[in-house]
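Report on the following structure.
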Number of protein chains: 2
Amino acid sequence: MILVKQSVLRLFQYRDFLIRSKKLGKESIFSDDFAENLGTTSIQVRKDFSIFGLSGNKRAGYKVDELLKQLNDVLKKDEKQKVIIVGAGNIGKALMKYDGFREGGLEIVALFDNDSKAQNEKAKPPVLALEQLYGFINENKIELGVIAVPYHSAQQVLDIMILAGIKGVMNFAPIALKAPKNFYINDMNLKIELESIAYFVKSLKKKRT
Amino acid sequence: MILVKQSVLRLFQYRDFLIRSKKLGKESIFSDDFAENLGTTSIQVRKDFSIFGLSGNKRAGYKVDELLKQLNDVLKKDEKQKVIIVGAGNIGKALMKYDGFREGGLEIVALFDNDSKAQNEKAKPPVLALEQLYGFINENKIELGVIAVPYHSAQQVLDIMILAGIKGVMNFAPIALKAPKNFYINDMNLKIELESIAYFVKSLKKKRT
DNA sequence: GAATTATTGTGAAACGATTCACTTAAATAA
DNA sequence: TTATTTAAGTGAATCGTTTCACAATAATTC
């Protein structure tokens, strides 16, 4: 399959907008509506749909229900997916409480932390010891993980996760991690993202001088 | 100026690696070292340097101190930059405590929240009422902000920020925001990023069948 | 029911980013 | 001091993504 990463990300955004529109009682919708809402163009929207074989009605746009069904199919939004978070510090805990994931069909089933003070087997979701990481992933057939540990232990943690059977991670450690080719890593380097905003803002100012 | 977004992001990563290498006592470094550490290629590294006029020594690589000085210059890492966070919920508070920003010369000077229970003028940084947002930005000439409020109030908050003089934001609300052309927004849509990882992982599996 | 209009759908062109293929020069070896 | 080696530097080619230009067709109007 062709890797059309940007398109896929937008499809997820279209899906969210579609769900919100449906809640507002809309029954049909146009490529312009998506464009307007997401800050892109209707051409981009239709091209994305075209790539994935999503179709509407010429002149009458897209039926909300129908498109949503097609989108769910393309995006494989079938059953819930279990996710674990490694690192129960500030970011790990914030993500645990983040509602967005649940809405997206992503269930956080456990956190893991070194620090015994953070651990709590009875909590929902439980916060377990790092020693249990390998076994938990293996037994529960977890495929998705979030890395929210300090940068010096991130690679170590990832290695365990890969060995245990995880297939993709979202990484908040501010460092590039090494993984095999068929493993999917999404780096969320908050430090660099914010630094780059500062940079681009400064550049914009210079421009106007 | 040409907008070479990807290159700029990598330059920040090179800088971080350079700083870590310096701490380890390294005095010179090669494009291959950067590539190896960041999971890219030495050609990419040299191309990035070339675009921004960063130069080394043929055969002997780059002097760590010298390159770092050049990089700081290119990336405008001069004075500290003040940042505010709007939304003192899970994510807002986690970001407040996140050390990475400080290391990157970014100082979080205040948080803002609707909820009077979250507010605390004496805290460091203070958590202020949303009513104070406009005045604070204006008086303190803040240019950078983080949006960590629920999606239904994100656009409202952004409008105030823009009006008050903010020039760029990092947005954690899972929605596309509208802003003028010369305003810089970096969307960190955690929900969609994690959903897309799930999607790509499923795709990888299919491939092997 | 024919003409008009609005919107989808898509191959081709343009653009931007990455990779290639080669040149240059400094350091080391002979 | 000359030859060899190693790594930087970069214009050109390639690749992936976005945008354009226009064809197709469903709905609406006349």
Side-chain angles (χ1 to χ4, degrees), chain A residues 1-14 17-18 21 26-71 74 176 181 187 196 200 203, chain B residues 1-14 17-18 21 26-71 74 176 181 187 196 200 203:
Chain A
M1 195 205 166
I2 336 146
L3 210 138
V4 272
K5 192 158 182 273
Q6 306 306 312
S7 278
V8 170
L9 281 171
R10 280 191 302 266
L11 289 187
F12 279 104
Q13 291 185 269
Y14 301 149
F17 176 59
L18 214 45
S21 302
K26 279 218 174 167
E27 292 183 359
S28 67
I29 199 164
F30 303 99
S31 58
D32 257 333
D33 298 332
F34 289 101
E36 156 80 3
N37 187 267
L38 301 180
T40 179
T41 66
S42 59
I43 298 169
Q44 174 84 270
V45 173
R46 292 199 303 277
K47 189 65 170 184
D48 287 335
F49 288 177
S50 163
I51 291 169
F52 289 90
L54 305 172
S55 60
N57 179 310
K58 294 204 166 114
R59 177 81 200 243
Y62 305 86
K63 289 256 167 65
V64 170
D65 281 323
E66 207 176 294
L67 183 58
L68 194 51
K69 210 179 287 174
Q70 290 184 68
L71 254 178
V74 165
K181 268 274 161 67
D187 285 308
S196 74
F200 288 118
S203 300
Chain B
M1 192 204 167
I2 335 148
L3 207 138
V4 271
K5 190 159 182 273
Q6 306 305 313
S7 278
V8 169
L9 280 171
R10 281 192 300 268
L11 290 187
F12 278 105
Q13 291 187 268
Y14 301 149
F17 177 57
L18 214 45
S21 301
K26 278 217 174 168
E27 292 183 357
S28 66
I29 199 164
F30 303 98
S31 58
D32 258 332
D33 297 332
F34 289 101
E36 156 81 4
N37 187 268
L38 301 181
T40 181
T41 65
S42 58
I43 297 168
Q44 174 84 270
V45 173
R46 292 200 302 276
K47 189 65 169 185
D48 287 334
F49 288 177
S50 163
I51 291 168
F52 289 90
L54 304 172
S55 59
N57 179 309
K58 295 208 165 107
R59 176 82 200 244
Y62 305 86
K63 290 256 167 66
V64 170
D65 282 324
E66 208 174 293
L67 183 57
L68 195 51
K69 209 179 289 172
Q70 290 183 67
L71 254 178
V74 165
K181 268 276 162 63
D187 285 308
S196 75
F200 288 118
S203 300

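We name chains A, B, ... by the order of the sequence lines, and we start the count at 1 in each one. Here the structure is a predicted model, which is why all the values come from computation and not from measurement.
Put simply, S50(A) has a side-chain N or O that comes within less than 4.0 Å of OP1 or OP2 on dT10(C). In this structure, Q44(A) reaches the dT19(D) phosphate: one of its side-chain N or O atoms is under 4.0 Å from OP1 or OP2.
Atoms CD1 (I51(A)) and C1' (dT8(C)) sit 15 Å apart, rounded to a whole Å. To the nearest angstrom, P of dT18(D) lies 12 Å from CG of L11(A). Going from atom CD of Q6(A) over to atom P of dT18(C) covers 11 Å, rounded to whole Å. With rounding to whole Å, F52(B) atom CZ is found 18 Å from dA8(D) atom C1'. Atom CG in D48(B) sits roughly 13 Å away from atom P in dA8(D) (whole-Å rounding).
Note on S55(B): only backbone sugar-phosphate atoms sit closer than 4.0 angstrom, heavy atoms only; bases stay farther off.
For F12(B), there are no ring pair (Phe, Tyr, Trp, His ring centres under 6.0 Å) partners, not counting sequence neighbours. Q44(B) is linked by a side chain to side chain donor-acceptor pair (under 3.5 Å) to R10(B), counting only residues two or more places apart in sequence or in another chain. By the ring pair (Phe, Tyr, Trp, His ring centres under 6.0 Å) test, Y62(A) pairs with F49(A), sequence neighbours left out. With sequence neighbours excluded, no residue satisfies side chain to side chain contact (heavy atoms under 4.5 Å, CB included) with S50(B).
The nearest pair of heavy atoms linking Q70(A) to G53(A) is OE1-O, 3.8 Å. Contact between A35(A) and S42(A) at its shortest, heavy atoms only, is CB-N, 3.3 Å.
Going from atom CG of N57(B) over to atom CZ of F30(B) covers 9.0 Å, rounded to the nearest 0.5 Å.
The side-chain contact (heavy atoms from CB on, under 4.5 Å) with L11(B) is formed by just one residue from the set V74(B), V4(B), I51(B); it is V74(B).
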In 5'-to-3' order, the base (B), backbone-only (S) or no-contact (-) status of each nucleotide in nucleotides 21-30 of chain D, using a 4.0 angstrom heavy-atom cut-off, is ---BBBBS--

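Distance from the side chain of V4(B) is smallest to dA17(C) among dT19(C), dG9(D), dA17(C). Nearest nucleotide to the side chain of Y62(B), out of dG9(C), dT19(C), dG9(D): dG9(D).
Within the 4.5 Å cutoff, no side-chain heavy atoms of F34(A) are placed close to those of D48(A).
Remark: F30(A), S31(A) in residues 28-37 of chain A come within less than 4.0 Å of DNA chain C through at least one heavy atom.
One N or O donor and one acceptor, one from the side chain of K47(B) and one from the base of dG11(D), sit under 3.5 Å apart.
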